[in-house]
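The block underneath contains the structure these notes are about, expressed in C-alpha coordinates.
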Amino acid sequence: MKNKEASKYLFCYFTGNKPEEERVHLAVSEDGLNFTALNGNHAVIEQHLGKKCCRDPYILRGENGLFYILATDMRCSDGWNSNNSIVIWESENLTDWKNERIIDFSVFPETKNADRVWAPEAVFDNERGEYMLYWSHHNKDGKEDTIIWYAYTTDFYTLSTPPSILFKPRSNMAGIDADIIIRDGKYYMYYADEYKHTICCVVSYKPSGPYSETDNNTACCTDLRVEGNCIYKLFGTDTYIMIMDKFVDGGYFMQKTTDMFHFEKVDEDEFSLNHLHPRHGSMLAITDEEYNHLIKTY
(Lines give C-alpha, C1' and ligand atoms only; values in the text may rest on other atoms or scores of the structure.)
Protein backbone atom coordinates (compact mmCIF):
# COMPACT_ATOMS: atom_id res chain seq x y z
CA MET A 1 0.00 0.00 0.00
CA LYS A 2 1.31 3.42 -0.90
CA ASN A 3 1.50 5.91 1.95
CA LYS A 4 -0.80 8.25 -0.01
CA GLU A 5 -3.60 5.72 0.53
CA ALA A 6 -3.10 5.87 4.30
CA SER A 7 -4.42 8.64 6.46
CA LYS A 8 -4.30 7.32 10.05
CA TYR A 9 -1.77 5.77 12.44
CA LEU A 10 -1.70 2.56 14.46
CA PHE A 11 0.69 2.35 17.42
CA CYS A 12 1.73 -1.09 18.72
CA TYR A 13 3.46 -1.27 22.12
CA PHE A 14 3.81 -2.96 25.50
CA THR A 15 3.46 -1.25 28.87
CA GLY A 16 6.00 -2.43 31.46
CA ASN A 17 8.31 -4.97 33.04
CA LYS A 18 5.77 -7.05 34.95
CA PRO A 19 4.67 -10.26 33.20
CA GLU A 20 1.11 -8.97 32.89
CA GLU A 21 2.48 -5.82 31.17
CA GLU A 22 4.59 -7.70 28.64
CA ARG A 23 1.74 -7.93 26.18
CA VAL A 24 0.76 -6.44 22.81
CA HIS A 25 -1.31 -3.24 23.02
CA LEU A 26 -2.71 -1.04 20.25
CA ALA A 27 -3.64 2.64 19.97
CA VAL A 28 -4.83 4.79 17.06
CA SER A 29 -4.36 8.37 15.96
CA GLU A 30 -5.75 10.68 13.30
CA ASP A 31 -2.88 13.18 13.40
CA GLY A 32 0.18 11.12 14.42
CA LEU A 33 0.52 13.14 17.63
CA ASN A 34 -2.44 12.28 19.83
CA PHE A 35 -3.30 8.66 20.46
CA THR A 36 -6.31 6.77 21.81
CA ALA A 37 -5.86 3.32 23.33
CA LEU A 38 -7.86 0.45 21.89
CA ASN A 39 -9.49 -2.23 24.05
CA GLY A 40 -9.32 0.03 27.10
CA ASN A 41 -5.51 -0.18 26.95
CA HIS A 42 -5.72 -3.89 27.71
CA ALA A 43 -3.74 -6.44 25.72
CA VAL A 44 -5.17 -7.46 22.34
CA ILE A 45 -3.27 -10.77 22.00
CA GLU A 46 -2.92 -13.68 24.40
CA GLN A 47 0.48 -15.32 23.91
CA HIS A 48 0.53 -19.12 24.20
CA LEU A 49 4.06 -20.09 23.12
CA GLY A 50 7.59 -19.41 24.33
CA LYS A 51 7.91 -17.25 27.42
CA LYS A 52 4.22 -16.29 27.21
CA CYS A 53 5.45 -12.71 27.60
CA CYS A 54 6.66 -10.37 24.89
CA ARG A 55 8.28 -6.96 24.50
CA ASP A 56 9.16 -4.48 21.75
CA PRO A 57 6.30 -5.37 19.34
CA TYR A 58 6.83 -4.34 15.73
CA ILE A 59 3.87 -4.22 13.35
CA LEU A 60 4.21 -4.25 9.57
CA ARG A 61 2.13 -4.62 6.44
CA GLY A 62 3.30 -7.60 4.40
CA GLU A 63 3.67 -7.69 0.64
CA ASN A 64 1.06 -10.48 0.57
CA GLY A 65 -1.71 -8.40 2.15
CA LEU A 66 -1.20 -9.84 5.63
CA PHE A 67 -0.15 -7.88 8.69
CA TYR A 68 2.56 -9.20 11.00
CA ILE A 69 3.57 -8.49 14.57
CA LEU A 70 7.11 -9.47 15.56
CA ALA A 71 8.11 -9.24 19.21
CA THR A 72 10.84 -10.15 21.68
CA ASP A 73 9.87 -13.46 23.29
CA MET A 74 10.98 -12.55 26.79
CA ARG A 75 9.95 -12.35 30.42
CA CYS A 76 12.24 -9.73 31.92
CA SER A 77 11.77 -11.14 35.43
CA ASP A 78 13.91 -14.05 34.16
CA GLY A 79 16.79 -11.60 33.62
CA TRP A 80 18.15 -9.51 30.77
CA ASN A 81 20.23 -12.39 29.41
CA SER A 82 17.46 -14.96 29.28
CA ASN A 83 15.94 -15.19 25.80
CA ASN A 84 16.87 -16.67 22.45
CA SER A 85 13.65 -16.32 20.43
CA ILE A 86 11.18 -13.97 18.82
CA VAL A 87 7.42 -14.50 18.61
CA ILE A 88 5.31 -13.73 15.53
CA TRP A 89 1.61 -13.39 14.73
CA GLU A 90 -0.22 -12.61 11.49
CA SER A 91 -3.60 -11.12 10.65
CA GLU A 92 -5.77 -10.32 7.66
CA ASN A 93 -7.61 -7.46 9.35
CA LEU A 94 -5.55 -6.12 12.30
CA THR A 95 -7.96 -7.56 14.86
CA ASP A 96 -7.83 -11.36 14.47
CA TRP A 97 -4.26 -12.44 15.19
CA LYS A 98 -3.39 -16.06 14.47
CA ASN A 99 -0.67 -18.55 13.50
CA GLU A 100 1.48 -17.70 16.51
CA ARG A 101 4.97 -19.09 16.05
CA ILE A 102 8.46 -18.87 17.47
CA ILE A 103 11.79 -18.43 15.71
CA ASP A 104 14.40 -19.92 18.06
CA PHE A 105 17.87 -18.64 17.22
CA SER A 106 19.61 -21.22 19.40
CA VAL A 107 19.08 -23.78 16.60
CA PHE A 108 21.48 -21.95 14.26
CA PRO A 109 25.25 -22.52 14.57
CA GLU A 110 25.96 -18.77 14.40
CA THR A 111 23.60 -18.02 17.30
CA LYS A 112 23.52 -21.27 19.27
CA ASN A 113 24.59 -19.37 22.41
CA ALA A 114 22.10 -16.54 21.99
CA ASP A 115 21.02 -15.01 25.30
CA ARG A 116 19.62 -11.71 24.00
CA VAL A 117 17.34 -11.60 20.95
CA TRP A 118 15.60 -8.27 21.21
CA ALA A 119 13.46 -5.80 19.27
CA PRO A 120 12.89 -7.63 15.96
CA GLU A 121 11.86 -5.59 12.93
CA ALA A 122 11.68 -6.25 9.19
CA VAL A 123 11.92 -4.40 5.91
CA PHE A 124 11.12 -5.76 2.46
CA ASP A 125 14.13 -6.04 0.14
CA ASN A 126 12.82 -5.50 -3.38
CA GLU A 127 16.01 -6.78 -5.02
CA ARG A 128 15.80 -10.12 -3.23
CA GLY A 129 12.03 -10.35 -3.03
CA GLU A 130 12.34 -11.26 0.65
CA TYR A 131 11.99 -9.62 4.04
CA MET A 132 15.14 -8.64 5.85
CA LEU A 133 14.55 -9.49 9.50
CA TYR A 134 16.83 -7.59 11.88
CA TRP A 135 17.15 -7.49 15.66
CA SER A 136 19.43 -6.68 18.61
CA HIS A 137 21.55 -9.73 19.43
CA HIS A 138 24.08 -11.06 21.91
CA ASN A 139 25.71 -14.47 22.15
CA LYS A 140 26.74 -15.73 25.55
CA ASP A 141 30.55 -15.79 25.81
CA GLY A 142 30.73 -14.19 22.36
CA LYS A 143 33.25 -11.51 21.38
CA GLU A 144 30.61 -8.98 20.28
CA ASP A 145 28.48 -6.73 22.44
CA THR A 146 24.72 -6.50 21.86
CA ILE A 147 24.54 -5.29 18.26
CA ILE A 148 22.32 -5.55 15.18
CA TRP A 149 22.05 -8.88 13.36
CA TYR A 150 19.94 -9.89 10.36
CA ALA A 151 18.65 -12.77 8.25
CA TYR A 152 16.27 -13.09 5.33
CA THR A 153 12.87 -14.76 5.33
CA THR A 154 9.96 -15.13 2.94
CA ASP A 155 7.29 -16.16 5.45
CA PHE A 156 8.41 -15.36 9.02
CA TYR A 157 8.46 -19.08 9.73
CA THR A 158 11.91 -20.03 8.48
CA LEU A 159 15.11 -18.20 7.55
CA SER A 160 16.56 -18.37 4.04
CA THR A 161 20.00 -17.11 5.14
CA PRO A 162 22.01 -17.75 8.31
CA PRO A 163 21.98 -15.05 11.01
CA SER A 164 24.77 -12.51 10.43
CA ILE A 165 25.95 -9.18 11.81
CA LEU A 166 24.25 -6.26 10.08
CA PHE A 167 25.83 -3.35 11.96
CA LYS A 168 28.01 -2.66 14.96
CA PRO A 169 29.18 0.80 16.07
CA ARG A 170 32.83 1.67 15.54
CA SER A 171 33.16 1.98 19.31
CA ASN A 172 32.62 -1.81 19.55
CA MET A 173 30.08 -1.08 22.26
CA ALA A 174 26.40 -1.93 22.17
CA GLY A 175 24.04 -0.58 19.54
CA ILE A 176 20.44 -1.72 19.99
CA ASP A 177 16.82 -1.13 18.96
CA ALA A 178 17.47 -0.49 15.27
CA ASP A 179 14.61 1.06 13.31
CA ILE A 180 15.03 1.44 9.54
CA ILE A 181 13.08 3.86 7.35
CA ILE A 182 13.45 4.41 3.60
CA ARG A 183 13.56 7.88 2.09
CA ASP A 184 14.61 8.80 -1.46
CA GLY A 185 16.32 5.48 -2.03
CA LYS A 186 18.35 5.60 1.18
CA TYR A 187 17.94 3.40 4.24
CA TYR A 188 18.25 5.34 7.48
CA MET A 189 18.92 3.16 10.51
CA TYR A 190 18.34 4.80 13.91
CA TYR A 191 19.57 2.96 16.98
CA ALA A 192 20.42 3.48 20.65
CA ASP A 193 24.19 3.87 20.91
CA GLU A 194 25.51 2.75 24.29
CA TYR A 195 28.83 4.60 23.85
CA LYS A 196 27.29 7.98 22.99
CA HIS A 197 24.26 7.37 25.24
CA THR A 198 21.83 8.68 22.65
CA ILE A 199 20.07 7.82 19.40
CA CYS A 200 22.37 7.73 16.39
CA CYS A 201 21.86 7.29 12.65
CA VAL A 202 23.71 5.37 9.95
CA VAL A 203 22.83 5.27 6.25
CA SER A 204 22.99 2.74 3.42
CA TYR A 205 21.74 2.33 -0.14
CA LYS A 206 20.72 -1.28 0.55
CA PRO A 207 18.80 -2.72 3.52
CA SER A 208 21.58 -5.23 4.17
CA GLY A 209 24.25 -2.51 4.19
CA PRO A 210 26.96 -1.57 4.50
CA TYR A 211 25.85 1.29 6.76
CA SER A 212 28.12 4.32 6.98
CA GLU A 213 28.78 5.79 10.42
CA THR A 214 30.06 9.36 10.54
CA ASP A 215 31.90 10.86 13.50
CA ASN A 216 28.93 13.05 14.38
CA ASN A 217 25.91 10.83 13.78
CA THR A 218 23.82 11.84 16.78
CA ALA A 219 20.14 12.03 15.80
CA CYS A 220 18.57 13.21 19.04
CA CYS A 221 17.91 16.55 20.71
CA THR A 222 17.67 15.45 24.35
CA ASP A 223 20.24 14.49 26.98
CA LEU A 224 17.72 12.15 28.62
CA ARG A 225 18.43 8.42 28.36
CA VAL A 226 16.25 7.10 25.57
CA GLU A 227 15.87 3.88 23.58
CA GLY A 228 13.17 2.03 21.65
CA ASN A 229 13.14 4.69 18.95
CA CYS A 230 10.50 4.65 16.20
CA ILE A 231 10.37 7.08 13.28
CA TYR A 232 7.43 7.74 10.93
CA LYS A 233 6.26 10.40 8.50
CA LEU A 234 3.38 12.78 9.16
CA PHE A 235 0.97 12.51 6.22
CA GLY A 236 0.82 15.50 3.92
CA THR A 237 4.06 17.03 5.25
CA ASP A 238 7.83 16.71 4.91
CA THR A 239 8.08 16.15 8.67
CA TYR A 240 9.18 12.92 10.29
CA ILE A 241 8.36 12.18 13.92
CA MET A 242 10.56 10.10 16.19
CA ILE A 243 9.22 8.76 19.47
CA MET A 244 11.47 7.25 22.12
CA ASP A 245 11.11 5.43 25.42
CA LYS A 246 12.57 7.42 28.33
CA PHE A 247 13.58 4.19 30.01
CA VAL A 248 15.19 5.90 33.03
CA ASP A 249 12.80 8.81 33.66
CA GLY A 250 9.66 7.14 32.35
CA GLY A 251 7.30 8.27 29.62
CA TYR A 252 7.94 9.11 25.99
CA PHE A 253 10.02 11.79 24.26
CA MET A 254 8.96 13.08 20.84
CA GLN A 255 11.09 14.97 18.33
CA LYS A 256 10.73 15.95 14.66
CA THR A 257 12.91 16.44 11.60
CA THR A 258 12.70 17.29 7.91
CA ASP A 259 16.25 16.28 6.93
CA MET A 260 16.54 12.99 8.91
CA PHE A 261 19.52 14.18 10.99
CA HIS A 262 18.66 17.44 12.77
CA PHE A 263 15.81 17.11 15.26
CA GLU A 264 13.86 19.49 17.44
CA LYS A 265 11.73 18.67 20.45
CA VAL A 266 7.96 18.39 20.25
CA ASP A 267 6.64 19.87 23.49
CA GLU A 268 4.69 17.50 25.70
CA ASP A 269 1.55 19.63 25.46
CA GLU A 270 1.55 19.08 21.69
CA PHE A 271 1.19 15.28 21.82
CA SER A 272 -0.52 12.65 23.94
CA LEU A 273 1.17 9.29 24.39
CA ASN A 274 2.18 9.05 28.03
CA HIS A 275 -1.35 8.22 29.23
CA LEU A 276 -0.92 4.88 27.44
CA HIS A 277 2.12 4.06 29.63
CA PRO A 278 3.90 2.80 26.52
CA ARG A 279 7.27 1.16 26.32
CA HIS A 280 9.18 0.33 23.11
CA GLY A 281 6.68 0.28 20.24
CA SER A 282 6.18 0.75 16.50
CA MET A 283 3.94 2.64 14.11
CA LEU A 284 1.91 1.50 11.09
CA ALA A 285 0.20 3.68 8.50
CA ILE A 286 -3.42 2.57 8.05
CA THR A 287 -6.38 3.52 5.87
CA ASP A 288 -9.65 5.08 6.97
CA GLU A 289 -11.33 1.71 6.47
CA GLU A 290 -8.79 -0.06 8.69
CA TYR A 291 -9.05 2.68 11.31
CA ASN A 292 -12.83 2.40 11.40
CA HIS A 293 -12.65 -1.40 11.67
CA LEU A 294 -10.31 -1.12 14.65
CA ILE A 295 -12.54 1.43 16.38
CA LYS A 296 -15.64 -0.68 15.76
CA THR A 297 -13.98 -3.88 17.01
CA TYR A 298 -12.45 -2.45 20.17
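All values derive from a computational prediction rather than experimental measurement.
- In this structure, Y9 has its ring center closer than 6.0 angstrom to the ring center of F235.
- Y252 and F271 have their aromatic ring centers separated by at least 6.0 angstrom.
- Closest approach of S29 to N34, counting heavy atoms only: OG-O, 2.7 Å.
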_Walk me through whether M260 and I181 qualify under side-chain contact (heavy atoms from CB on, under 4.5 Å)._
CA-CA 10 Å; M260 312 307 281; I181 191 169; 3.8 Å; yes

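- Between W149 and F105, a ring centre-to-centre spacing not shorter than 6.0 Å is recorded.
- Between M244 and I199 the shortest side-chain heavy-atom distance falls below 4.5 Å.
- The CD1 atom of I176 sits 5.0 Å away from atom CD of E194, with the distance rounded to the nearest 0.5 Å.
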_Before you tell me yes or no, could you show the steps for M189 and C201 under side-chain contact (heavy atoms from CB on, under 4.5 Å), namely the whole-Å CA-CA distance, both residues' side-chain angles and the distance that decides it to 0.1 Å?_
CA-CA 6 Å; M189 178 195 291; C201 181; over 6 Å; no

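- Using a 30° and 60° split on the angle between ring planes, W135 and H137 fall in the perpendicular class, above 60°.
- A side-chain donor-acceptor contact under 3.5 Å links D115 and H138.
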*asked:* For a side-chain hydrogen bond (donor to acceptor under 3.5 Å, both in side chains) check, start with the C-alpha distance between D179 and Y232, then their side-chain angles and the critical distance, and finish with the verdict.
replied: CA-CA 10 Å; D179 182 45; Y232 56 97; over 6 Å; no

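- No more than 12 heavy atoms of other residues, nucleotides or ligands shown are found within 6.0 angstrom of OH on Y195.
- Looking only at distances, a side-chain donor or acceptor of R101 sits under 3.5 Å from a matching main-chain atom of N99.
- Heavy atoms only, all atoms of each residue included: C221 and F263 are closest at CB-O, 3.5 Å.
- Side chain of D31 to backbone of L33: a donor-acceptor contact under 3.5 angstrom is found.
- When hydrophobic clusters are built by joining Ile, Leu, Val, Met, Phe, Trp and Tyr residues whose side-chain heavy atoms come closer than 4.5 Å, directly or via intermediates, I182 is not grouped with Y240.
- Here the shortest heavy-atom pairing between C54 and W89 reads SG-CH2, 4.1 Å.
- A distance-only check finds a donor-acceptor pair linking the side chain of K51 to the backbone of S82 [under 3.5 Å].
- Atom OG1 of T36 is separated from atom CD1 of I295 by 6.5 Å, given to the nearest 0.5 angstrom.
- Here the shortest heavy-atom pairing between P210 and S204 reads O-OG, 3.0 Å.
- Counted within 6.0 Å of CD on E63, heavy atoms from surrounding residues, nucleotides or ligands total more than 12; the atom is thus considered enclosed.
- In this structure, R170 contributes its side chain and E213 its backbone to a donor-acceptor pair below 3.5 Å.
- The closest donor-acceptor contact from the side chain of T154 to the backbone of E130 lies at 3.5 Å or more, if one exists at all.
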*R61 and E290: salt bridge (charged side-chain N to carboxylate O under 4.0 Å, His left out), yes or no, with the steps?*
CA-CA 12 Å; R61 186 186 300 270; E290 291 160 349; 2.9 Å; yes

*Kindly determine whether F14 and H280 satisfy side-chain contact (heavy atoms from CB on, under 4.5 Å), including the steps that lead there.*
CA-CA 7 Å; F14 76 109; H280 186 170; 4.0 Å; yes

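- Considering all non-hydrogen atoms of both residues, P57 and S282 come closest at O-OG, 2.9 Å.
- With a 6.0 Å radius and a threshold of 12 heavy atoms from other residues, nucleotides or ligands, K256 has its NZ atom at or below the threshold.
- To the nearest 0.5 angstrom, R183 atom CZ is 6.5 Å from K233 atom NZ.
- Here the straight-line distance linking atom CG of L224 with atom CG of D249 works out to 5.0 Å at 0.5 Å rounding.
- Counted within 6.0 Å of OH on Y157, heavy atoms from surrounding residues, nucleotides or ligands total more than 12; the atom is thus considered enclosed.
- For the pair N41 and H275, the minimum side-chain heavy-atom distance is 4.5 Å or more.
- Under 3.5 Å, the side chains of T258 and D238 contain no donor-acceptor pair of N or O atoms.
- Grouping the Ile, Leu, Val, Met, Phe, Trp and Tyr side chains by contacts below 4.5 angstrom, directly or via other members, places V226 apart from I241.
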*Does the side-chain contact (heavy atoms from CB on, under 4.5 Å) test come out yes or no for T95 and H293, once each step is laid out?*
CA-CA 8 Å; T95 55; H293 171 69; 2.9 Å; yes

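- Side chain to side chain, N93 and S91 meet the donor-acceptor criterion of an N or O pair below 3.5 Å.
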*Are Y191 and D193 close enough, and set up right, to give a side-chain hydrogen bond (donor to acceptor under 3.5 Å, both in side chains), and what steps lead you there?*
CA-CA 6 Å; Y191 65 96; D193 189 297; 3.2 Å; yes

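- Counting heavy atoms of neighbouring residues, nucleotides and ligands inside a 6.0 Å radius, atom CD of E92 does not exceed 12 of them.
- S7 places no side-chain N or O within donor-acceptor distance of the main-chain N or O of T287, the cut-off being under 3.5 Å.
- Contact check for L294 versus L38: side-chain heavy atoms found under the 4.5 Å cut-off.
- Taking every heavy atom of both residues into account, N172 and D145 meet most closely at O-CB, 3.9 Å.
- The hydrophobic clustering, which links ILVMFWY residues whose side-chain heavy atoms are closer than 4.5 Å, places I231 and I180 apart.
- The environment of H262 atom NE2 is sparse: at most 12 non-hydrogen atoms of other residues, nucleotides or ligands sit within 6.0 angstrom.
- Ring-plane geometry between F124 and Y131 is classed as perpendicular, the angle between the planes exceeding 60 degrees on a 0 to 90 degree scale with a lower cut at 30.
- A continuous path of hydrophobic side-chain contacts links Y298 to L94 [ILVMFWY only; heavy atoms under 4.5 Å].
- Ring geometry for Y68 versus F156: interplanar angle of 30 to 60°, hence tilted.
- Of the inter-residue distances, the one linking L10 atom CG with I59 atom CD1 reads 4.5 Å to the nearest 0.5 angstrom.
- Put simply, I165 and I148 are part of two different groups of oily side chains (I, L, V, M, F, W, Y) that touch within less than 4.5 Å, one to the next.
- Within a 6.0 Å radius of CD in E20, more than 12 heavy atoms belonging to other residues, nucleotides or ligands are found.
- Look at K8 and D288 and you find a salt bridge, because one of the NZ, NE, NH1 or NH2 atoms lies within 4.0 Å of a carboxylate O, short of that distance.
- In this structure a side-chain-to-backbone donor-acceptor pair under 3.5 Å is present from S160 to Y152.
- The existence of a salt bridge linking R55 and E227 is excluded, since no basic side-chain nitrogen approaches an acidic carboxylate oxygen closer than 4.0 Å.
- Under a 3.5 Å cut-off, the side chain of Y211 and the backbone N or O of P207 do form a donor-acceptor pair.
- Under the ring-ring contact (aromatic ring centres under 6.0 Å, His included) criterion, F253 pairs with no residue, sequence neighbours left out.
- Between the side chain of T161 and the backbone N or O of A151, no donor-acceptor pair lies under 3.5 Å.
- In this structure, T218 contributes its side chain and C220 its backbone to no donor-acceptor pair below 3.5 Å.
- Here CG of N81 is found 8.0 Å from CE of M74. Values are rounded to the nearest 0.5 Å.
- Counting heavy atoms from C-beta on, the side chains of I86 and L133 come closer than 4.5 Å.
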